[in-house]
A.B. asks: 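Below you'll find the structure I mean.
Fair warning: this is a prediction, and the values are worked out from it, not measured in the lab.
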Amino acid sequence: MESLNKLIMSRVNIIFLLGILAFTSLSCEAKRDFPPLVEQGVVLDLSSAALIIGEELVVNPIFQPNVFPQKNYEWEASNPSIVDISMNEDYSATVLAKQEGTTTVRFFSADGELEATAEIIVTEFGPEDVTEGAIITVNRENGGGPNAGEGSLKLIDNDFNNKYLTEYGTDMWVQLELTEARAVDIYTLTSGNDAPERDAKAWTLEGSNDGTTWEVLDTRTDQSWSDRNQTKEFNVNNEERFKYYRLLITANNGSNLIQISEWRLMVISD
């Protein structure tokens, strides 16, 4: 009788183990049924940049979602005489400026489904910063006033380690009156040192010669910074000289505060 009981228990254990193995096998097969995680979109870490002849720049793709890319990719320049472009092992590109002009660099998948572009301006001597000596006006000042540690004067003091901080509203604008009318080709914005939710996300750049009548020069949406105290350049298709430039900030990343470390205006040639 005891031998029979042992035989029965042994068979029960075998059946139990076989059941576990079968369940494990099914679970593994079920996991294999999930499709591989493939990137659905791509953007570049800059939308535009200005280079001096001989200068190099590394442009990085950012995949959405943030996965190791599964597709095959290539880089190209719309005008290869302006820049040399080569892809690195991490899919970034090294761009070498060769001669004056404007070109678009394009990162794209071999299947044609994904692409991202950036505009590159190449000059011989580099753009001229015309922010120096400008008068800044804002419609939302820091609580401590323009001279405070985070007042509006910090926006154009050429120090990228401090910032202008104030309450945010969709009617917000900051304005520069230049020492003389200039045709701005490039402007830069530098993110704050913390709290990405305070970064500007959408805005319009306008120009005026009387401070009353404004012309739209550039509009940006869904902008972001990948790092703190990071400067991004934005090209402007503008040949007209303006005395006043105004930035209307129409959205930030959700905070009731907004911060910008620096705002600079550049001229290539006018």
Side-chain angles (χ1 to χ4, degrees), residues 45-50 126-208 211 214 216-236 238 242-268:
D45 63 348
L46 54 84
S47 58
S48 58
E128 176 189 357
D129 188 334
V130 296
T131 318
E132 295 294 334
I135 299 172
I136 187 165
T137 308
V138 302
N139 71 333
R140 288 180 174 265
E141 185 57 83
N142 180 275
N147 292 297
E150 295 178 334
S152 59
L153 291 179
K154 301 300 182 184
L155 190 58
I156 58 168
D157 65 352
N158 212 15
D159 184 346
F160 298 90
N161 294 312
N162 57 33
K163 66 186 180 186
Y164 163 53
L165 175 73
T166 190
E167 292 184 357
Y168 176 70
T170 55
D171 63 338
M172 180 180 178
W173 53 262
V174 296
Q175 174 184 302
L176 285 180
E177 179 185 353
L178 304 185
T179 56
E180 61 178 321
R182 301 297 301 271
V184 167
D185 300 286
I186 300 168
Y187 64 99
T188 68
L189 290 173
T190 303
S191 61
N193 63 322
D194 59 10
E197 63 271 16
R198 298 174 183 171
D199 289 344
K201 183 179 180 180
W203 59 81
T204 297
L205 179 70
E206 298 178 330
S208 172
W214 296 90
V216 174
L217 305 177
D218 188 52
T219 299
R220 304 282 171 160
T221 59
D222 295 322
Q223 298 297 307
S224 63
W225 280 257
S226 59
D227 205 354
R228 301 296 84 206
N229 293 121
Q230 177 188 9
T231 299
K232 297 184 71 173
E233 294 181 356
F234 302 93
N235 294 341
V236 184
N238 172 49
F242 292 105
K243 175 81 168 174
Y244 300 87
Y245 287 87
R246 184 170 70 175
L247 199 65
L248 305 175
I249 304 174
T250 54
N252 70 353
N253 284 322
S255 174
N256 64 340
L257 298 175
I258 189 165
Q259 62 182 14
I260 304 172
S261 284
E262 200 73 17
W263 177 34
R264 313 295 296 183
L265 301 180
M266 311 285 185
V267 171
I268 293 177

A.B. asks: Passes side-chain hydrogen bond (donor to acceptor under 3.5 Å, both in side chains), Thr190 versus Ser261? Steps please.
C.D. replies: CA-CA 5 Å; Thr190 303; Ser261 284; over 6 Å; no
A.B. asks: Would you indicate whether Glu167, at its atom CD, is surrounded by more than 12 heavy atoms from other residues, nucleotides or ligands within a distance under 6.0 Å?
C.D. replies: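 For Glu167, atom CD is not crowded (no more than 12 foreign heavy atoms under 6.0 Å).
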A.B. asks: In this structure, are over 12 heavy atoms from other groups packed under 6.0 Å from Lys201 atom NZ?
C.D. replies: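 No, the 6.0 Å shell around NZ holds no more than 12 heavy atoms from other groups.
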A.B. asks: Is a salt bridge present between Arg140 and Asp171, judged by a nitrogen-to-oxygen distance below 4.0 Å?
C.D. replies: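 Answer for the salt bridge query: yes.
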A.B. asks: Aromatic rings Tyr187 and Phe234: how do their planes relate, parallel, tilted or perpendicular, breaks at 30° and 60°?
C.D. replies: parallel
A.B. asks: Would you find a donor on one side and an acceptor on the other, under 3.5 Å apart, between the side chain of Lys243 and the backbone of Thr179?
C.D. replies: yes
A.B. asks: Could you tell me whether Arg228 and Asp199 make a salt bridge, using a distance below 4.0 angstrom between a side-chain N and a carboxylate O?
C.D. replies: yes
A.B. asks: Check whether any side-chain heavy atom of Val174 lies under 4.5 Å from a side-chain heavy atom of Leu155, and answer yes or no.
C.D. replies: yes
A.B. asks: Examine the side chains of Glu233 and Ser48 and answer whether a donor and an acceptor come within less than 3.5 Å of each other.
C.D. replies: no
A.B. asks: Answer yes or no: is there an ion pair linking Lys163 with Asp157, defined by an N-O contact shorter than 4.0 Å?
C.D. replies: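 Salt bridge: no.
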A.B. asks: Could you tell me whether a side-chain N or O of Asp185 sits under 3.5 Å from a main-chain N or O of Ile268, the two making a donor and an acceptor?
C.D. replies: yes
A.B. asks: Does Tyr168 use its side chain to pair, donor to acceptor, with the backbone of Ala251 at less than 3.5 Å?
C.D. replies: yes
A.B. asks: Looking at Glu132 and Arg264, is any side-chain nitrogen of the basic one under 4.0 Å from a carboxylate oxygen of the acidic one?
C.D. replies: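 Salt bridge present between Arg264 and Glu132.
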A.B. asks: Does the distance from a Lys or Arg side-chain N to an Asp or Glu carboxylate O, for Glu128 and Arg182, drop under 4.0 Å?
C.D. replies: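 So Glu128 pairs with Arg182 through a salt bridge.
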